[in-house]
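Scroll down for the structure; my scribbles are underneath it.
When reading the values below, keep in mind they use all heavy atoms of this one structure, side chains included, and skip hydrogens, waters and symmetry mates. Quick note on labels: first sequence line is chain A, next is B, and so on, each numbered from 1.
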2 protein chains.
Amino acid sequence: MDTTNPLYKNQGIHAVASIFTLHEGEVKVLLIKRTNEPFKGSWILVGGAIYNNEDILTGMNREIYEKTKLQNLKLVQSGVFSDPQRAPQMRMIAIGFTTVVNYEKTKFSSITPKTEDAKWFKINEVPVLGYDHNKILEESIKTLKCDIFEKSTLIELLPSEFTLPQVQKICETILGQKLDRRNFRKQLLQKKLICQTGNYDYSSQKRPANLYKFC
Amino acid sequence: MDTTNPLYKNQGIHAVASIFTLHEGEVKVLLIKRTNEPFKGSWILVGGAIYNNEDILTGMNREIYEKTKLQNLKLVQSGVFSDPQRAPQMRMIAIGFTTVVNYEKTKFSSITPKTEDAKWFKINEVPVLGYDHNKILEESIKTLKCDIFEKSTLIELLPSEFTLPQVQKICETILGQKLDRRNFRKQLLQKKLICQTGNYDYSSQKRPANLYKFC
DNA sequence: TCAAAAGTGTTGATCCTACACCCATGA
DNA sequence: TCATGGGTGTAGGATCAACACTTTTGA
């Protein structure tokens, strides 16, 4: 590689995360309003350029922490975006990631100095985003749907004890379709990821549901 | 992004291809001997740094063409490699790709000025490579095994007319295991990717096999 | 006629889907 | 007692793995 070739100059790498949550029965994604050019005033996904001394996962975690104070999220890679024009200032490649976070955890995260505003958007009410972030989000939604039955996804979205109807509602919301109750339970139970606690959820006004936990 | 931050300087992107072929009943990968530092004299996969004005696929195709004169290969992305130390000169992220090429096509490709030597290696006789290319190759082998039943893979490895035992041998070689003949045929035929030509292969000294083509 | 490779079907296990009725509770 | 949501089992179809004998050819 000839490092004097100007075609190699000024490249950089973005790590961009679609952070999803469930709130009020809707799938939402965290967007941040940019305070600087380019795309000043636009909403974008959480992310930024990674440093020379970081691998991509470290950089992604740092960016997420800086902008949201969230930590220890399970990140799944969901695409590489390399259109030379995707960032106006300089040539940037983006690596997309997908993750979910329990809405309760986000209540206490204050907005950091780097962000003017951060907001959860329903995924079908997302505006036109800066950069190519609509495309990155689209790939992440596919990844989210694929990973919805993973322990790492469900464990984040559920409290320590939960009912099967709760789990089913989460999956249905994310997949955007109804699931058969009996098949759903069979499927989940025979994976042996969860087991009954022996407790019941009396909070509903109807028949109490069995409480389960991850085991 | 603060472009004056030195942590953002001098990043680059490698596109790295594991180009596989079948030859003399073995799966082989194309390696190139480096003529320059770093890793002068080491064998590495085909690849290089992409230009500012290329997307990653364009850059990968260009690198492959420059180094092998091969064109129109079906490239499948097989990983992102972002260890900050993976390249000694400067910080380079690598995007790995997997592809296959018919051995016949490679006979006429002469070595280009950029390469001292290029050679097919059996995949279980690959030496220690420069950079992190052993790791990249490992991921590509997984991708190759996953994609072996894809039309785009098989079509490249087979002549225009071929027998089912030929296809089966290819799959067995790549997967490294024997397959049941009856199940294999059923599986392939019910995908309706191939159909009989009505011709027979008389080249063997035994019962002639039906010739098939992609349809 | 023999050796070698090509060709061919069936059976059982597993998995997935579709579907209907009873149960426990609070109002 | 009723309305609501929780809980449960089975039957049919599709898919996959295992397995053995017959056919065609050249030597």
Which nucleotide, [options], lies nearest any side-chain atom of [X]?
X: A:Asn210; options: D:dA17, D:dG7, C:dA18; answer: D:dG7
X: A:Arg182; options: C:dG7, D:dA18, C:dC19; answer: C:dC19
X: A:Lys206; options: D:dG9, C:dT25, D:dA17; answer: C:dT25
X: B:Ala209; options: C:dA6, D:dT24, D:dA18; answer: C:dA6
X: A:Arg181; options: D:dA18, D:dG26, D:dT8; answer: D:dT8
X: B:Asn183; options: D:dG9, C:dA6, C:dG9; answer: C:dG9

Take atom [atom1] of [X] and atom [atom2] of [N], then tell me their distance rounded to the nearest Å.
X: A:Arg207; N: D:dG7; atom1: CZ; atom2: P; value: 6 Å
X: A:Asp201; N: C:dG26; atom1: CG; atom2: C1'; value: 14 Å
X: B:Tyr212; N: C:dA6; atom1: OH; atom2: P; value: 12 Å
X: A:Lys191; N: C:dC15; atom1: NZ; atom2: P; value: 13 Å
X: A:Phe184; N: D:dG6; atom1: CZ; atom2: C1'; value: 14 Å
X: A:Lys178; N: C:dA18; atom1: NZ; atom2: C1'; value: 17 Å
X: A:Gln187; N: D:dT8; atom1: CD; atom2: P; value: 16 Å
X: A:Leu188; N: C:dC16; atom1: CG; atom2: P; value: 13 Å

| query | Contact class for A:Asp180 (heavy atom, under 4.0 Å): base, sugar-phosphate, or nothing? | reply | base
| task | Measure distances between side-chain N and O atoms of B:Lys186 and base N and O atoms of C:dT10, and say whether any donor-acceptor pair falls under 3.5 Å. | result |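 Checked by distance alone, the answer is yes.
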| said: If the cut-off is 4.0 Å, is A:Gln205 near the phosphate of D:dG5, judged by side-chain N/O to OP1 or OP2? | reply: no
| field | A:Tyr65 six-ring face occupied by A:Lys69 cation (under 6.0 Å, within 45°) | value | yes
| Is A:Arg62 close enough and on-axis enough to A:Tyr51, meaning under 6.0 Å and within 45°, for cation-pi? | yes
| request: Answer yes when A:Glu139 and A:Lys142 have at least one side-chain N-carboxylate O distance shorter than 4.0 Å, and no when they do not. | output: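 So A:Glu139 pairs with A:Lys142 through a salt bridge.
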| query | Under a 4.0 Å N-O cut-off, is there an ion pair linking A:Glu172 with A:Lys178? | reply | yes
| query | Once you round to the nearest 0.5 Å, how far does CG of A:Leu211 lie from OG1 of A:Thr163? | reply | 7.0 Å
